[in-house]
Amino acid sequence: QVQLVESGGGLVQAGGSLRLSCAASGRTFSPYAMGWFRQHPGKERDFVAAISWSGGSTLYADSVKGRFTISRDNAKNTVYLQMNSLKPEDTAVYYCAGSRTSNTQTSLRMYNYWGQGTQVTVSS
């Protein structure tokens, strides 16, 4: 069993930056692929970014490509989401997720472990 805890959310002005962290405990999260998803109020949870267990492969949603960067430090059992040039439409609850596969995954159904979520609010 893996427990995931996100941190780093908060309130930021448009154009600003935030870095989300997701710390895993319980058992090593390598060779698990990891991902970030977000959920706007009243909407479904959407894919944001994913990273393979080695860190050598990453995927991004078109809406965040070029602005967000996912990375991981397996020695620290932590995955990060660096968010730059934030826009009001990035406001959402952001969730970290772990998949019992080694390759990048974009589908919710491929993820087995989820964090509790962290709120990101971008003001205009």
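For this chain, numbers begin at 1 and follow the sequence in order.
Between Phe68 and Tyr94, the ring planes lie tilted relative to each other; the angle falls in the 30° to 60° range.
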Solution key, residues 2-17 side-chain donor-acceptor pairs under 3.5 Å, sequence neighbours excluded:
from  : atom 1 : to     : atom 2 : distance (Å)
Glu6  : OE1    : Gln116 : N      : 3.0
Glu6  : OE1    : Gln116 : NE2    : 3.4
Glu6  : OE1    : Gly117 : N      : 2.9
Glu6  : OE2    : Cys96  : N      : 2.8
Glu6  : OE2    : Gly117 : N      : 3.2
Ser17 : OG     : Asn84  : OD1    : 2.9

Show your reasoning for whether side chain to side chain contact (heavy atoms under 4.5 Å, CB included) applies to Arg38 and Val93.
-> CA-CA 5 Å; Arg38 67 186 181 187; Val93 177; over 6 Å; no

May I have the step-by-step check of salt bridge (charged side-chain N to carboxylate O under 4.0 Å, His left out) for Lys65 and Asp62, ending in yes or no?
-> CA-CA 5 Å; Lys65 204 172 293 183; Asp62 288 343; 3.1 Å; yes

Stepwise side chain to side chain contact (heavy atoms under 4.5 Å, CB included) test for Leu108 and Phe47 | CA-CA 7 Å; Leu108 274 169; Phe47 169 75; over 6 Å; no

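For Thr121, the side chain to side chain donor-acceptor pair (under 3.5 Å) partners at least two apart in sequence or on another chain are Gln119. The side chain to side chain donor-acceptor pair (under 3.5 Å) search around Ser99 returns Thr101, not counting sequence neighbours. Listed by chain and number, the residues in a salt bridge (charged side-chain N to carboxylate O under 4.0 Å, His left out) with Arg100 amount to none (sequence neighbours excluded). Scored by the ring-ring contact (aromatic ring centres under 6.0 Å, His included) test, Tyr60 finds no partners at all (sequence neighbours excluded). Listed by chain and residue number, nothing satisfies the side chain to side chain donor-acceptor pair (under 3.5 Å) test with Lys43 (two or more places apart in sequence, or in another chain).
In this structure, Val64 is a member of the same hydrophobic cluster as Leu18, with clusters built from ILVMFWY side-chain heavy atoms closer than 4.5 Å. Val122 and Phe37 fall into different hydrophobic clusters, where Ile, Leu, Val, Met, Phe, Trp and Tyr are joined by side-chain heavy atoms under 4.5 Å apart, directly or via other members. One hydrophobic cluster, built from ILVMFWY side chains closer than 4.5 Å, cannot hold both Trp36 and Tyr111; they sit in different ones. Hydrophobic clustering (ILVMFWY, side-chain heavy atoms < 4.5 Å, transitive): Tyr113 and Met110 are in distinct clusters.
Separating the CZ atom in Arg19 from the OG1 atom in Thr69 is a distance of 11.5 Å, to the nearest 0.5 Å. We find the CG-CD1 distance between Leu20 and Ile70 to be 10.5 Å, quoted to the nearest 0.5 Å.
With a 4.5 Å cut-off on side-chain heavy atoms, Met83 and Arg67 do not count as touching.
With Thr104 contributing its side chain and Ser52 its backbone, the two residues share no donor-acceptor pair below 3.5 Å. Checking side-chain atoms of Ser63 against main-chain N and O of Ala61 turns up no donor-acceptor pair under 3.5 Å.
Looking at Leu59, Thr106, Asp90, Leu81 one by one, the single match for side chain to side chain contact (heavy atoms under 4.5 Å, CB included) with Val48 turns out to be Leu81.
Cation-pi check for Arg45 over Tyr95 is met; the charged atom lies under 6.0 angstrom from the ring centroid and within 45 degrees of its normal.
Closest approach of His40 to Glu89, counting heavy atoms only: NE2-O, 3.0 Å.
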